[in-house]
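The block underneath contains the structure these notes are about, expressed in structure tokens.
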Amino acid sequence: MDLTELTENVYEIPQEGEMRAPARVFASEPLLRKMQEEGRTLGQIRNVAALPGIQKYSLVLPDGHLGYGFPIGGVAAVSAEDGVVSPGGIGFDINCGVRVLRTDLDYADVEGHEQELVERLYDLVPCGLGKGGYVDVDREDLDGILEDGIEWMAQAGHARPADLAHCEEEGRLDGDPDAVPDDAKRRGVKQVGSLGSGNHFLEVQRVADIYDDETAEAYGLREDGVVVMIHSGSRGLGHQVCQDYIRRFEKTYPDLVDSLPDRQLVYAPLGDQAAEDYLGAMNAAANFAWANRQAMTQAVREAFLDLFGTDDVELVYDVCHNVAKEETHEVDGEQREVLVHRKGATRAFPAGHPEIPGAYRDVGQPVLLPGSMGTHSYVLAGGERSMDLTFGSTAHGAGRLKSRTQAKKDYEAGDLQQRLRSEGVYVKARSGETVAEEAPGAYKDVDEVVRVSDALGIGTKVARMRPIANVKG
DNA sequence: ATGTCC
């Protein structure tokens with residue numbers, strides 16, 4: 001494959017064949033080599049560049065790896081006028097995302113209580129593939145959640161005003177409950193406030209390093225402060241939405257499917273009823289994911305009040321990793337309305353952008369970037385170069401290196417938990433298999449991913465957190 | 001990611 005280095009950490013695959021634009025890889029040489037070794041990631045981003053209406057270039061971020069049709073860690077902006085929406089460019093777990101809560105506790109307050117903390121959180125937050133959520137809702141409530149996201153949660157007494165203000169899109173996109181299939185609703189009604197499985201986790205962390213004092217202060221982060229990171233998504237509901245709409249698109253556009261280099265790229269032209277319905281359902285599933293992370297926030301508040309007598313547990317920010325959004329971006333010197341597909345990518349708007357909450361507007365949007373289990377996580381700030389280079393986006397995590405199957409062969413849950421325990425990290429998991437799948441060795445080096453984001457100026461380092469206790473599915 | 005196969 002033809003690949004040229006444009007500048008440090010920027011590579012371009014020139015436009016050729018079916019491509020309607022070039023493709024770009026934002027990675028260091030070692031991270032690029034990992035994508036090349038995997039084999040298909042760069043082919044996927046080249047396929048994405050063939051989408052109708054693609055703007056500038058399709059791109060993959062430093063944590064990129066193989067996904068369904070589109071790579072995870074990929075961004076594709078298409079014209080809002082004559083572009084398309086492709087569910088594979090958003091992912092099965094619609095609005096999978098991360099939030100960080102800060103507490104008024106220091107590490108010393110929690111030290112010695114890790115075991116009871118991890119047990120309490122595990123008891124309060126249903127996790128793994130089972131049923132049940134922290135917040136009980138009926139079908140009418142669910143429609144409210146699908147329509148209004150965290151706004152509904154606030155009205156029902158499950159969110160504080162600052163929880164709305166400190167959330168991407170204030171926790172609400174324009175969702176259409178009627179576009180969400182009944183099967184998806186049936187799954188979702190039991191899962192408001194449930195963690196899920198795989199790489200989802202709820203982790204108590206301490207702020208170990210501050211790289212940018214002013215921004216950390218604006219975000220309410222201080223060295224040795226205790227924070228909680230929640231990584232989860234739209235559970236069975238989002239999965240069912242994605243699956244049902246992929247099927248509907250395949251039936252609606254059979255000739256298209258046959259003509260694609262990969263049927264997983266199936267899409268619908270914006271403006272078609274199928275596309276409008278999918279976007280309404282996707283937004284509703286995004287609202288559900290926000291309500292889900294919000295419900296778990298309430299569980300965390302209950303645990304901290306019980307164990308430490310504090311309810312000063314405030315949302316720093318909440319970001320989506322898997323969603324498409326209509327945004328305005330400069331392309332060829334003009335402002336254009338585009339639909340930005342982000343799949344395993346974080347919006348990273350720079351200081352001054354109008355869509356950043358007032359409290360953070362002078363320093364840039366918080367970017368929450370989890371590492372792998374037992375390693376550290378980061379808070380970054382949206383960087384000045386992100387609008388120019390990556391449609392206002394940066395990486396979303398360490399990025400998987402080994403398949404789940406391979407990780408299960410290579411690691412043993414007991415050994416991992418024991419080793420992490422010796423490092424002061426308490427891991428409680430529903431499933432040993434999940435622990436093995438999520439072994440740190442199955443992931444790329446999060447420090448290297450963050451280094452590249454920082455060097456590119458798309459998301460710059462603010463703080464690094466070390467884990468204390470981790471609840472997994 | 002996912003009632004990991006309606």
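In what follows, every heavy atom counts, from backbone to side chain, and hydrogens, waters and symmetry copies are set aside. Every chain is numbered from 1 and lettered A, B, ... according to where its sequence line falls, protein lines coming before strand lines.
Contacts of A/Ser197 with the nucleic acid, taken as non-hydrogen atoms under 4.0 Å apart, involve only primed sugar atoms and P, OP1 or OP2. Here A/Gly198 lies in heavy-atom contact (under 4.0 Å) with sugar-phosphate atoms only. Within the 4.0 angstrom heavy-atom criterion, base atoms lie near A/Arg186.
A/Glu438 places its CD atom 11 Å from the P atom of B/dT2, with the value rounded to the nearest Å. One atom, CD of A/Glu437, and another, P of B/dT4, lie 13 Å apart when rounded to the nearest Å. When the C1' atom of B/dC5 is taken as reference, atom CG of A/Leu129 falls 14 Å away, rounded to whole Å. At whole-Å resolution of the value, CG in A/Asn292 and C1' in B/dT2 are 14 Å apart. As rounded to whole Å, 9 Å separates atom P of B/dT2 from atom CG of A/Leu195. The interatomic distance linking A/Asp183 (CG) with B/dC6 (C1') rounds to 10 Å, in whole Å. Atom pair A/Arg430:CZ and B/dT2:C1' shows a separation of 15 Å (rounding to whole Å applied). Taking atom CG on A/Asn322 and atom P on B/dT2, their separation rounds to 11 Å, with Å as the unit.
Remark: A/Glu412 pairs with no residue by the salt bridge (charged side-chain N to carboxylate O under 4.0 Å, His left out) rule, at least two apart or across chains. With sequence neighbours excluded, no residue satisfies side-chain contact (heavy atoms from CB on, under 4.5 Å) with A/Pro254. Residues meeting the side-chain contact (heavy atoms from CB on, under 4.5 Å) test with A/Asp63, sequence neighbours left out: A/Leu61, A/Ala395, A/His396, A/Val449. Residues satisfying the side-chain contact (heavy atoms from CB on, under 4.5 Å) test with A/Glu18, not counting sequence neighbours, are A/Ala50. Residues meeting the side-chain contact (heavy atoms from CB on, under 4.5 Å) test with A/Ser453, sequence neighbours left out: A/Leu380, A/Thr394, A/Ile458.
An OP1 or OP2 oxygen of B/dT2 is reached within less than 4.0 angstrom by a side-chain nitrogen or oxygen of A/Arg235.
For the segment residues 241-253 of chain A, the set of residues with a heavy atom within less than 4.0 Å of an atom of DNA chain B is empty.
Note: A/Phe26 and A/Tyr57 have tilted aromatic rings, judged against thresholds of 30 and 60 degrees for the angle between ring planes.
Exactly one residue among A/Ile94, A/Leu146, A/Ile145 makes a side chain to side chain contact (heavy atoms under 4.5 Å, CB included) with A/Leu237. That residue is A/Leu146.
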